[in-house]
Amino acid sequence: WSPNPDAFLADLEVKPAALQALARSLRKNDPWSSTDTSAVSRVVFLGMGSSRYAAIVCASRLRSRRIDAVAEYASATAVHPGGPGTLAVGISASGGSHETIAALERHRHAGSRTVAVTNAPGSRSAESADSLVEMEAGEERGGVACRTFQHTVALLLALEARLLHAGAGGVDSCD
């Protein structure tokens, strides 16, 4: 990994427009509409690096609202087993994280509902899940997941709103 300062600056300069586009998209559509969230008794977020860090924030928020949620390293070996009632959310900007793909597949085989959150709708991660939520963050060439992190948090807040029966339009009202 080698950060590229000029590309990172370009990534940062695109952030306001990308976040505005995501906000418009969230106002128009529920990104979780293709995900069956009925009868969800627990949410397991799976990711590596900044994907997991974004999930930690949202898992904590869900627990504060009495929803069983955890953010796990996708590479962990001692993990929640999954199964009916579990919504497993695999987060990978590239859609190519081997650990996240394996964790999604493990959950899917255990009977969990699975969803991939990614910038790459045709990726292996997306193929390994029951449904897909597109990040809409675009490619980041600077070596730092600045837009990806914020887009992931926004999309997971939309999931929180859906789980609380507010719908994606209720994201603005989340604390």
#### Entry: Shared hydrophobic cluster for Leu22 and Ile91 (ILVMFWY, side-chain gaps under 4.5 Å)
yes
### Query
How close do Ala71 and Ala59 get, heavy atom to heavy atom, and via which atoms?
N-CB, 3.9 Å
### Message
Give me each pair satisfying side-chain hydrogen bond (donor to acceptor under 3.5 Å, both in side chains) with a member in residues 142-158, each pair once, sequence neighbours excluded.
### Response
Lys15-Gln150, Glu140-Thr148
### Query
Going from NE2 on His98 to CZ on Arg124, what distance comes out if it is rounded to the nearest 0.5 angstrom?
8.0 Å
### Task
Answer whether the closest heavy-atom distance between the side chains of Leu87 and Asp36 falls below 4.5 Å.
no
### Message
Starting from Val43, can I reach Val133 by hopping between I/L/V/M/F/W/Y residues whose side chains sit under 4.5 Å apart?
### Response
yes
### Task
Nearest 0.5 Å please: distance from the OG atom of Ser125 over to the CG atom of Leu46.
9.5 Å
### Query
Would Glu134 and Thr118 satisfy side-chain hydrogen bond (donor to acceptor under 3.5 Å, both in side chains), going step by step from the backbone distance to the final call?
CA-CA 5 Å; Glu134 292 189 50; Thr118 183; over 6 Å; no
### Query
Quick one: does Phe8's side chain get under 4.5 Å of Cys146's, heavy atoms only?
yes
#### Entry: CD1-OG distance between Ile101 and Ser92, expressed to the nearest 0.5 angstrom
6.5 Å
### Task
For residues Ala116 and Ala129, report the shortest heavy-atom separation together with the two atoms involved.
N-CB, 3.5 Å
### Task
For residues Ser41 and Asp68, determine if any side-chain heavy atom of one lies less than 4.5 Å from a side-chain heavy atom of the other.
no
### Task
Heavy atoms only: give me the nearest Ser97-Met48 pair and the separation to one decimal.
OG-CG, 4.1 Å
### Message
Given the ring of Phe45, does Arg52 sit roughly above its face, with NZ or CZ under 6.0 Å from the centre of the six-membered ring and within 45° of the axis?
### Response
no
### Task
Kindly work out whether a path of hydrophobic side-chain contacts (I/L/V/M/F/W/Y, heavy atoms less than 4.5 Å apart) joins Val70 to Ile56.
no
### Query
Can you find a pair of side-chain heavy atoms, one from Ile67 and one from Arg63, that are under 4.5 Å apart?
no
### Query
If we only count heavy atoms from C-beta on, is the Glu72 to Val44 side-chain gap below 4.5 Å?
yes
### Query
Rounded to the nearest 0.5 Å, how far apart are OG of Ser128 and CD of Glu105?
4.0 Å
### Task
Mind checking the CD-CG spacing from Glu127 to Leu104? Nearest 0.5 Å is all I need.
12.0 Å
### Query
Do the side chains of Leu163 and Leu156 join up, straight or via other hydrophobic residues, at under 4.5 Å, putting them in one cluster?
yes
### Query
Side chains of Asn119 and Glu136: closer than 4.5 Å at any heavy-atom pair?
no
### Query
Are the side chains of Arg61 and Leu157 in touch, meaning some heavy atoms are under 4.5 Å apart?
yes
### Task
Look at the side chain of Asp11 and the backbone N and O of Arg141, then say whether any donor-acceptor pair between them is shorter than 3.5 Å.
yes
### Query
Going by heavy atoms in the side chains, are Val117 and Leu159 under 4.5 Å from each other?
no
### Query
Minimum heavy-atom separation for Pro121 to Ala126, with atom names?
O-CB, 3.2 Å
### Message
Can you tell whether the side chains of Asp130 and Arg108 come within less than 4.0 Å, N to carboxylate O?
### Response
yes
### Joint hydrophobic cluster, Met135 plus Trp32, side-chain heavy atoms closer than 4.5 Å
yes
### Nearest heavy atoms of Ser34 and Ser131, plus distance in Å
O-CB, 3.5 Å
### Summary
His107 and Pro81 have their tightest heavy-atom pair at CE1-C, 4.4 Å
### Query
Below 4.0 angstrom, N of the basic side chain to O of the carboxylate: do Asp30 and Arg162 qualify?
yes
### Task
Could you tell me whether the side chain of Ser112 and the main chain of Thr114 form a donor-acceptor pair under 3.5 Å?
no
